[in-house]
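Below: one structure, written as structure tokens.
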Amino acid sequence: MTEVTLNARASSTWSLDGELDFASVPAVWPAVAEVISENRRVTLSLDAVRHANSAGLVLLVEARDLARQTGCDLRLVDLPAELIDLARMSQCEALISGG
């Protein structure tokens, strides 16, 4: 089973560490949603994500949607190339880039 963790880094900055896939995303989503819901500004770094598939893309799209609903300024940074490529192929790059 793959794992991913959400780790606090600095003031309003968190990072995802591990693999974002069908097994790990449902387990980490509640923590991501809580951070977004409880903060007005969040920077989420994905520099420690070693692998991601479409489940990871869905997590980012849902995170962006929740941020809009709760008034959180969400910045997604250090996105892995494979997630950017997947978003581009799915025609949803603007959703994760904030566009």
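Atoms considered below: every heavy atom in the structure, side chains included; atoms not considered: hydrogens, waters and symmetry mates.
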Exercise. What residues form a salt bridge (charged side-chain N to carboxylate O under 4.0 Å, His left out) with Asp47, not counting sequence neighbours?
Worked result: Arg9
Exercise. Can you tell me if Asn39 uses its side chain to pair, donor with acceptor, with the backbone of Val42 under 3.5 Å?
Worked result: no
Exercise. At their closest point, which heavy atom of Leu83 faces which heavy atom of Ala52, and how far apart are they?
Worked result: CG-CB, 3.6 Å
Exercise. How would you list, by chain and number, every residue that makes a side-chain contact (heavy atoms from CB on, under 4.5 Å) with Thr70, sequence neighbours excluded?
Worked result: Ile36, Ser37, Leu66, Cys72
For this session: Determine, step by step, whether Leu16 and Leu44 satisfy the side-chain contact (heavy atoms from CB on, under 4.5 Å) criterion, reporting the C-alpha distance in whole Å, the side-chain angles of both residues, the deciding distance to 0.1 Å, and the verdict.
Result: CA-CA 7 Å; Leu16 287 170; Leu44 183 59; 4.0 Å; yes
For this session: Might you point out which heavy atoms bring Ser54 and Phe22 nearest each other, and give the distance in Å?
Result: OG-CZ, 3.3 Å
Problem set entry | Side-chain donor/acceptor of Glu19 to backbone N/O of His51, under 3.5 Å | no
Exercise. If you look at every heavy atom in Leu95 and Arg64, which pair is closest and at what distance?
Worked result: O-NE, 3.2 Å
Exercise. Are Leu76 and Met89 in one and the same hydrophobic cluster, where Ile, Leu, Val, Met, Phe, Trp and Tyr link if side-chain heavy atoms are under 4.5 Å apart?
Worked result: yes
Problem set entry | Contacts of type side chain to side chain donor-acceptor pair (under 3.5 Å), residue Arg75, not counting sequence neighbours | none
Exercise. Are Val49 and Val58 in one and the same hydrophobic cluster, where Ile, Leu, Val, Met, Phe, Trp and Tyr link if side-chain heavy atoms are under 4.5 Å apart?
Worked result: no
Exercise. Does a salt bridge link Asp65 with Arg68, judged by any charged N lying under 4.0 Å from a carboxylate O?
Worked result: no
Problem set entry | Flag side-chain contact, heavy atom, 4.5 Å: Glu93 against Ile84 | yes
Exercise. Do Trp14 and Asn7 pass the side-chain contact (heavy atoms from CB on, under 4.5 Å) test, and can you show the C-alpha distance, the side-chain angles, and the key distance before you say yes or no?
Worked result: CA-CA 5 Å; Trp14 285 264; Asn7 303 300; over 6 Å; no
For this session: Find the distance between CG (Leu86) and CD1 (Ile96) and round it off to the nearest 0.5 Å.
Result: 8.0 Å
Problem set entry | CG-CG distance between Leu57 and Leu79, expressed to the nearest 0.5 angstrom | 10.0 Å
For this session: For Gln91, look at atom CD and say whether over 12 heavy atoms of other residues, nucleotides or ligands are found less than 6.0 Å away.
Result: no
For this session: Answer whether the closest heavy-atom distance between the side chains of Thr5 and Val28 falls below 4.5 Å.
Result: no
Exercise. Once you round to the nearest 0.5 Å, how far does CG of Leu20 lie from CG of Leu60?
Worked result: 7.0 Å
Problem set entry | Side chain to side chain, Asp17 and Arg50, heavy atoms closer than 4.5 Å | yes
